[in-house]
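Written out below as structure tokens is the structure these notes cover.
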Amino acid sequence: MSAVRTPRRPVSATLLRGNAAAVARRLIGARLVHHSPEGLTVGRILETEAYLSSGDPACHAQRGPTARNASMFLAGGHAYVYLIYGVHQCFNVVTGPAGAGEAVLVRALEPLEGLELMRARRGVTRDRDLCSGPGKLACAMGLGPEQDGASLLEGALLVCPPERHWRRPTIDVGPRVGIAKAVALPLRFRARGTPWCS
DNA sequence: GCAGGGATTTTCT
DNA sequence: GAAAATCCCTGCG
């Protein structure tokens, strides 16, 4: 095993800004880095879902800003973290532009660094269960209300490019999960052939 | 291994 | 009052 190097440089702002479906596809392979007070955790994004600002009744922004979804209307490159079912946190990458209300839900990560901290936060036995779902990865990465509205291009929480040697997998496209409206839209993106997805 | 239900906040009807 | 971008535990095969 070669030593793991913690990524330091975030992706360019343009990668996180634009049509949410395009950003959702581009995010596959990128690394999510969180320097929390408890320690460092890093995970590779392997599954995403796009939520569009128009023509998408499943999108939280569809009915305008509220106290909960306010950060979804920030410019691309910010985090939108919200509580679902009164229990779990869901982490999104806002894709902007400011005022649009468009974002990408991150659904699964491959744990790369800080696995001991992730296990402690999650309390599970199998590493496959650490980040294989939106609520799971938010817990493992220590993401909550404090990260809602935070920049992903500077600070403690960063989206960084894949390693140069990382080989891009085939990306499967399909319907989104857990929604009742606009179920058929092909806005879910998944890396093929990994054990880390939901 | 799989189906069923509970937890608990925000929002809308 | 009910559903929601979910997860986990229980009971049963």
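A, B, ... follow the sequence lines: proteins, then strands. Residue 1 opens every chain.
When all heavy atoms are compared, the tightest approach of L153(A) to A13(A) is CD1-CB, 3.7 Å. The shortest heavy-atom contact between R188(A) and P175(A) is CD-O, 3.3 Å.
In this model, a donor atom of one side chain and an acceptor atom of the other lie less than 3.5 Å apart for E113(A) and T6(A).
Here L83(A) lies in heavy-atom contact (under 4.0 Å) with sugar-phosphate atoms only.
Taking the ring axis of F189(A) as reference, the NZ or CZ atom of R107(A) does not stay both within 45° of it and closer than 6.0 Å to the ring centre.
Listed nucleotides: dA5(C), dT10(B), dC7(C). Nearest to the side chain of M72(A): dA5(C). Distances from the side chain of V87(A) to the nucleotides dT13(B), dA5(C), dT8(B) place dT8(B) closest. Residue N92(A) places its side chain closer to dA5(C) than to any other of dA5(C), dA4(C), dT9(B).
Taking atom CZ on F91(A) and atom C1' on dT6(C), their separation rounds to 17 Å, with Å as the unit. Between R63(A) atom CZ and dA3(C) atom C1' the separation is 11 Å, expressed in whole Å. With rounding to whole Å, F189(A) atom CZ is found 18 Å from dA5(C) atom P. In this structure, CD of Q62(A) is placed 15 Å from C1' of dT11(B), rounded to the nearest angstrom. Rounded to an integer number of Å, the gap from CD of Q89(A) to C1' of dT10(B) is 12 Å. Taking atom NZ of K181(A) as the reference point, atom C1' of dC12(B) lies 9 Å away to the nearest angstrom. Between the P atom of dT11(B) and the OH atom of Y82(A) lies a distance of 12 Å, rounded to the nearest Å. Remark: C1' of dA5(C) and CG of L143(A) are 16 Å apart, rounded to the nearest angstrom.
In terms of position along DNA chain C, the nucleotide closest to R68(A) lies nearer the 5' end than the nucleotide closest to the other residue of the pair S132(A) and R68(A).
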key: side-chain hydrogen bond (donor to acceptor under 3.5 Å, both in side chains) between S36(A) and R121(A), worked out   = CA-CA 12 Å; S36(A) 79; R121(A) 283 170 171 158; 2.9 Å; yes
ask   = Which string of ( ) [ ] | and . matches DNA chain C, if you list each base 5' to 3' and count Watson-Crick or G-U pairs only when both distances are under 3.5 Å?
value = ||||.|||||||.
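Using atom C1' as the reference point in both dA5(C) and dC2(B), the two lie 24 Å apart (nearest Å).
You'll find the ring centres of Y82(A) and H60(A) inside the 6.0 Å limit.
When each of L130(A), L137(A), L46(A) is checked for a side-chain contact (heavy atoms from CB on, under 4.5 Å) with W196(A), only L46(A) meets the rule.
At the phosphate of dA5(C), OP1 or OP2 sits under 4.0 Å from a side-chain N or O atom of H60(A).
Within the 3.5 Å criterion, the main-chain N or O of M141(A) finds a donor-acceptor partner in the side chain of H34(A). Using a distance-only test at 3.5 Å, with no hydrogens or angles considered, a donor-acceptor pair links the side chain of Q147(A) to the main chain of G144(A). A donor-acceptor pair under 3.5 Å links the side-chain atoms of D56(A) to the main chain of A58(A), judged by distance alone.
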Identify each atom pair where a protein N or O and an N or O of nucleotides 8-10 of chain C are less than 3.5 Å apart, giving names and distance.
from, atom 1, to, atom 2, distance (Å)
dC8(C), OP1, R122(A), NH1, 2.6
dC8(C), OP1, R122(A), NH2, 3.0

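Once the 5.5 Å centre distance and the 30° plane angle are applied, the aromatic ring of Y85(A) is found not to be stacked with the base of dA4(C).
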